[in-house]
Amino acid sequence: MGTLMNETRSITILGSTGSIGCNTLDLIEANPDQWRVVALTANRNVAKLAEQARRVGAEHAVIADPDHYTALKEALAGSGIKVSAGPQALVDAAQEPADWVMAGIVGAAGLAPTLAAVKRGAMVGLANKECLVCAGDLVMKAVKECGATILPVDSEHNAIFQVFDFVRSEGVSKIILTASGGPFRTRPRHSLATVTPEEAVKHPNWAMGAKISIDSATMMNKGLELIEAYHLFPLPEDKIEILVHPQSVIHSMVEYVDGSVLAQLGSRICARPSLIHWHGQRGCQPL
């Protein structure tokens with residue numbers, strides 16, 4: 001493992017200006033000798049994308065909205081960084097030869113570039129659950145056919161990944177996804193009609209993007225995570241459970257047929273997406 005840790009690896013971040021992308025860049029900048037940034041992409045945030053690209057010396061910067069191409073080109077003038085724009089440019093960036101692709105684009109917009117990375121056999125850190133929610137069968141079929149590796153970045157699925165016995169999956173009784181319950185867990189039902197968007201995005205435990213915060217407040221996010229777990233792990237739907245755990249210390253658990261339960265725990269003060277690297281055929285370690 002020591003040799004792997006000292007090697008310089010290349011990475012493309014799809015959605016670098018969002019919370020997942022920013023945390024990923026934080027980790028990269030904490031280990032600058034270990035990473036070379038191939039491409040960064042964003043939707044419309046030209047100023048932040050340009051600043052990130054300059055800061056980490058990215059080779060390529062892509063803005064999804066083609067109307068912002070000129071602004072990005074001007075912001076990166078003289079840097080030597082390649083600039084592209086549009087949906088196809090996102091796909092092209094995902095197809096560039098990088099050891100790792102962090103898929104952090106929110107929503108179904110992330111499907112095409114993530115699938116492109118999978119089809120070239122890349123190692124994909126999946127932080128976009130919507131890819132599996134809307135096209136899980138298609139994505140996982142491509143993973144198998146193209147020799148790609150999907151590493152779940154969401155804390156719940158990453159927790160399961162770390163303690164799930166893929167070699168002897170018949171020994172697994174069930175998966176237990178934990179949920180904080182969101183900001184309205186203790187609110188009386190009759191009061192929910194008057195909650196505001198500002199209240200909904202104030203998650204009690206996590207600092208997240210607006211969409212996932214709203215999904216968490218409604219508990220819809222946990223439904224999406226159940227679908228994601230169904231595609232990631234070889235268990236039927238009726239063996240995936242959800243448990244409300246307001247403290248958010250246990251990120252998820254795997255129960256085995258012998259009655260033992262393996263859990264992955266992490267303090268909230270340390271909560272952020274981990275860059276994880278493949279270690280043999282199963283398992284992952286934080287960098």
Side-chain angles (χ1 to χ4, degrees), residues 7-128 130-131 148 151 153 207-212 272-277 287:
E7 289 181 354
T8 299
R9 304 172 71 192
S10 54
I11 185 169
T12 286
I13 304 176
L14 304 174
S16 68
T17 60
S19 59
I20 295 294
C22 289
N23 282 326
T24 302
L25 283 172
D26 285 346
L27 292 170
I28 288 171
E29 290 183 277
N31 302 273
D33 296 333
Q34 295 181 21
W35 297 96
R36 174 175 63 86
V37 179
V38 175
L40 300 177
T41 82
N43 187 24
R44 295 189 180 91
N45 196 336
V46 168
K48 193 168 187 176
L49 176 61
E51 185 272 328
Q52 289 177 334
R54 286 183 180 273
R55 197 175 75 227
V56 300
E59 298 169 11
H60 190 185
V62 179
I63 197 78
D65 187 338
D67 291 340
H68 290 73
Y69 171 77
T70 300
L72 182 61
K73 188 76 172 177
E74 292 173 353
L76 291 174
S79 66
I81 298 171
K82 178 183 175 182
V83 175
S84 302
Q88 184 56 46
L90 292 179
V91 172
D92 294 342
Q95 291 175 328
E96 293 186 26
D99 298 324
W100 178 289
V101 175
M102 179 62 81
I105 296 175
V106 175
L111 176 58
T114 301
L115 189 57
V118 166
K119 287 184 175 179
R120 72 168 176 83
M123 182 179 292
V124 178
L126 187 66
N128 175 313
E130 289 85 2
C131 285
L151 298 178
V153 174
M208 306 181 294
K211 180 188 182 299
I212 191 172
R272 64 178 180 177
S274 299
L275 283 184
I276 51 180
H277 75 268
L287 292 185

- Message: Go through it in stages, so that I can follow the logic: the residues are Leu126 and Thr114, the test is side-chain contact (heavy atoms from CB on, under 4.5 Å), and I'd like the CA-CA distance, side-chain angles, deciding distance and then a yes or no.
- Response: CA-CA 8 Å; Leu126 187 66; Thr114 301; 4.1 Å; yes
- Task: Work out which heavy atom in Leu76 is nearest to a heavy atom in Ala50; give both atom names and the distance.
- Result: CD2-O, 3.6 Å
- Item | Interatomic distance, Ser19 atom OG to Lys211 atom NZ [nearest 0.5 angstrom] | 12.0 Å
- Item | Side-chain ion pair, Glu96 and Arg120, N-O less than 4.0 Å | no
- Task: May I ask you to decide if Ser10's main-chain N or O and Asp99's side chain share a donor-acceptor pair within less than 3.5 Å?
- Result: yes
- Audit row: Ile63, Leu49, side-chain contact (heavy atoms from CB on, under 4.5 Å) steps and yes/no: CA-CA 8 Å; Ile63 197 78; Leu49 176 61; 4.1 Å; yes
- Message: Test side-chain contact (heavy atoms from CB on, under 4.5 Å) on Val124 and Trp100; report intermediate values, then the result.
- Response: CA-CA 6 Å; Val124 178; Trp100 178 289; over 6 Å; no
- Message: For Met123 and Arg9: C-alpha separation, side-chain torsions, deciding distance, then whether side-chain contact (heavy atoms from CB on, under 4.5 Å) applies.
- Response: CA-CA 12 Å; Met123 182 179 292; Arg9 304 172 71 192; 3.7 Å; yes
- Query: Is there a side-chain contact between Val118 and Val101, using heavy atoms and a 4.5 Å cut-off?
  - Reply: no
- Distance col, row Arg55:CZ vs Ile28:CD1, nearest 0.5 angstrom, shows 10.0 Å
- Query: Testing Asp92, Val62, Thr41 for side-chain contact (heavy atoms from CB on, under 4.5 Å) with Ser84, which one passes?
  - Reply: Val62
- Task: State, with a plain yes or no, whether a side-chain heavy atom of Gln52 is found less than 4.5 Å away from one of Leu25.
- Result: yes
- Message: Side chains of Cys22 and Lys48, heavy atoms from C-beta outward: is any pair under 4.5 Å?
- Response: yes
- Pairwise side-chain contact, Thr17 with Asn43, heavy-atom cut-off 4.5 Å (strictly under): no
- Message: Main chain of Ala103, side chain of Asn128: is a donor-acceptor contact present, judged purely on distance under 3.5 Å?
- Response: no
- Query: Can you find a pair of side-chain heavy atoms, one from Val38 and one from Ile11, that are under 4.5 Å apart?
  - Reply: no
- Residues Glu130 and Ala108: closest non-hydrogen pair is CB-N, 4.0 Å
- Are any side-chain N or O atoms of Glu59 and backbone N or O atoms of Lys82, one a donor and one an acceptor, separated by less than 3.5 Å? no
- Would you call Thr8 and Trp35 a side-chain contact if the rule is heavy atoms closer than 4.5 Å? no
